[in-house]
Amino acid sequence: GMEDKSLTGRSTLIPGIDVAIGFDNRADVLTVANRYGLLFAGTGTGFKWARCRELETAWCAGADIAPCFTDVASPSGAPPFWLSANCDCSLVGLCDQVADGGTAVPLRIYPVGAFSVPGAAPDPAETYSLSVPAGASLRCLRWRPNCPRELLAVLSNGHALTATLPTGAAGAVDQRTIV
């Protein structure tokens with residue numbers, strides 16, 4: 001069935017997250033910000049977040065883990081294509097559109113510290129646009145492993161580009177095609 005069973009025989013299915021919501025098979029929809037002990041998981045309309053310690057406590061007590069999660073709606077209401085914490089766990093990025101050419105793909109950036117308040121569903125602190133040329137769509141998006149404000153994107157036309165986010169909410173993405 002749809003439930004994933006652990007060795008304990010209890011369900012490890014995250015409430016509201018299942019294959020029925022139509023995630024693209026290329027989607028990255030689960031990330032952990034280790035420094036803060038937070039788990040982020042994509043849903044059909046955005047993402048959920050929880051403190052790992054609270055999940056562990058509920059799990060060990062045999063309690064329902066659903067109350068540990070807080071919903072954050074995507075502005076578009078679509079499931080995420082990409083949800084990821086950057087290398088220093090200071091930011092979580094959300095992309096819920098892949099663009100079918102010639103449009104800008106919105107990147108929503110959340111400061112991880114904004115999730116330190118239980119039950120908080122913060123708005124993105126920063127929203128940037130990633131330009132995708134006509135005839136192409138976004139295929140893969142990753143944070144650069146050693147640069148907390150840089151991303152690498154791979155497009156359907158075989159091109160790859162880097163995107164450097166400006167510091168603060170003002171400014172445009174410095175985007176460069178590398179292949």
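Since the model is a prediction, treat every value here as computed from it, not as a measurement.
Between Leu91 and Pro148, every side-chain heavy-atom pair lies at or beyond the 4.5 Å cut-off. A heavy-atom distance below 4.5 Å is not found between the side chains of Val32 and Leu38. Looking at heavy atoms from C-beta onward, Leu141 lies in side-chain contact with Leu130 at the 4.5 angstrom threshold. Proximity of Leu39 to Phe69: side-chain heavy atoms (C-beta onward) are separated by under 4.5 Å at one or more points. When side chains are defined from C-beta on, Leu161 does not count as touching Ile178, because their heavy atoms never get closer than 4.5 Å. You'll find the side chain of Leu107 reaches within 4.5 Å of the side chain of Cys95, heavy atoms only. Using a 4.5 Å heavy-atom threshold, the side chains of Asn157 and Pro133 count as touching.
For the atom pair Phe47 CZ and Asp71 CG, the distance stands at 10.0 Å (nearest 0.5 Å). Rounded to the nearest 0.5 angstrom, Glu150 CD and Thr164 OG1 are separated by 3.5 Å. To the nearest 0.5 angstrom, Gln97 atom CD is 9.5 Å from Ser129 atom OG. With values rounded to the nearest 0.5 angstrom, Trp82 atom CH2 is found 9.5 Å from Arg142 atom CZ. Rounding to the nearest 0.5 angstrom, the gap separating the OH atom in Tyr36 from the SG atom in Cys52 is 14.0 Å. Summarising the geometry, atom SG belonging to Cys147 is positioned 11.5 Å from atom CG belonging to Leu165; distances are rounded to the nearest 0.5 Å.
Under the 4.5 Å side-chain contact rule for hydrophobic residues, Ile65 and Leu30 share a cluster. In the hydrophobic clustering of this structure, Val173 groups with Ile109; members are Ile, Leu, Val, Met, Phe, Trp, Tyr whose side-chain heavy atoms approach within less than 4.5 Å, directly or through other members.
The main-chain N or O of Ser84 is never found under 3.5 Å from a side-chain atom of Thr31 such that the two would form a donor-acceptor pair. Distance alone, capped at 3.5 Å, is enough to place a donor-acceptor pair between the Arg149 side chain and the Pro166 backbone.
Ring geometry for Tyr110 versus Phe115: interplanar angle of 30 to 60°, hence tilted.
Considering all non-hydrogen atoms of both residues, Pro80 and Val29 come closest at O-CG1, 3.5 Å. In this structure, Val112 and Ala33 approach most closely via the heavy-atom pair CG1-CB, 3.9 Å.
Atom CZ of Arg35 has more than 12 heavy atoms from other residues, nucleotides or ligands within 6.0 Å.
Scanning for side chain to side chain donor-acceptor pair (under 3.5 Å) contacts around Asn146 gives Arg144, with sequence neighbours left out.
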